[in-house]
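Remarks on the structure that follows.
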Amino acid sequence: AAKPKLYYFRGRGRMESIRWLLAAAGVEFEEEFLETREQYEKLQKDGRLLFGQVPLVEIDGMTLTQTRAILGYLAAKYNLYGKDLKETVRINMYTDGTQDLMTMIMLAAFKPPEEKEENIALIVTKAKTRYFPVFEKILKEHGEDFLVGNKFSWADIQLLEAILMVEELNASVLSDFPLLKAFKTRISNIPTIKKFLQPGSQRKPPPDSHYVKVVRNTLQF
Ligand SMILES: CCCCC[C@H]1O[C@@H](O)C[C@@H]1SC[C@H](NC(=O)CC[C@H](N)C(=O)O)C(=O)NCC(=O)O
């Protein structure tokens, strides 16, 4: 079968969680990087962007947009979405939470430089007071290796992605969360994820000024 094809900027943004999920599932994918306004306008003109937005993923003969719809499809397709509806809704709760945290980090790249320090401080505080305590408690209460049903799922993949992104902002952010530290080590050592964390994988670096410029020029905002 043809490999899934991802259309997005050469950066993390909203596409990075899709890259993580595919990589963790051991699924190879291709990428087309948006560098110019013309590329974006062609995708629009060709009617491939439902609401005129990317991420765009072509998979199984479908042209998919809307990040969460794509992630839900992939999680279900690769059996990373729980054994029943009650596990699936928990996975949705947890991934909505980590998605909210990562959206704060994503948007911070587009804020004025003078607000950078303040934004980072706010994100780290939210991670330490709102998000990480919740996951530490879940791991403590369940005393298991994974967040849901003691089976590896999309929720585990996305929590690791979020932990690593916050650690890029503050390396000691897990100092008060011993179970999350152990979780990070455990999930990072899952072979497909270990490979994705190696240099040379399709994982993208933190956003820089070039990335922001390309996004602004392409989307004209
Ligand atoms: C200040 C905000 C900057 C974010 C801009 C983009 O850069 C990325 O890092 C994040 C977004 S992604 C690009 C943006 N896509 C979305 O907002 C998708 C939202 C959708 N709900 C999803 O989850 O996929 C885009 O195509 N916009 C065109 C435009 O709406 O006309």
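Along the sequence shown, the residues carry numbers beginning at 1. Just follow the structure's listing: the first ligand is 1, and inside any ligand the first atom is 1.
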Would you call E28-K3 a salt bridge at under 4.0 Å N-O? yes
May I ask you to establish whether R48 and Y7 are in a cation-pi arrangement, using a distance under 6.0 Å from NZ or CZ to the six-membered ring centre and at most 45° from the ring axis? yes
So which residues, sorted by chain and number, lie with a heavy atom under 4.0 Å of ligand 1? Y8, G13, R14, Y40, G52, Q53, V54, P55, Q66, T67, M106, L107, F110, Y211, V215, L219, F221
F221 vs F110 aromatic rings, parallel, tilted or perpendicular, using cut-offs 30° and 60°? tilted
Give, for atom OG of S175 and atom CG of N170, the distance between the pair rounded to the nearest 0.5 Å. 7.5 Å
Let me confirm one number: the CD1-CE distance from I105 to M165, rounded to the nearest 0.5 Å. 4.5 Å
What I want to find out is whether K45 reaches E41 closely enough, with some N-O distance under 4.0 Å, to be called a salt bridge. no
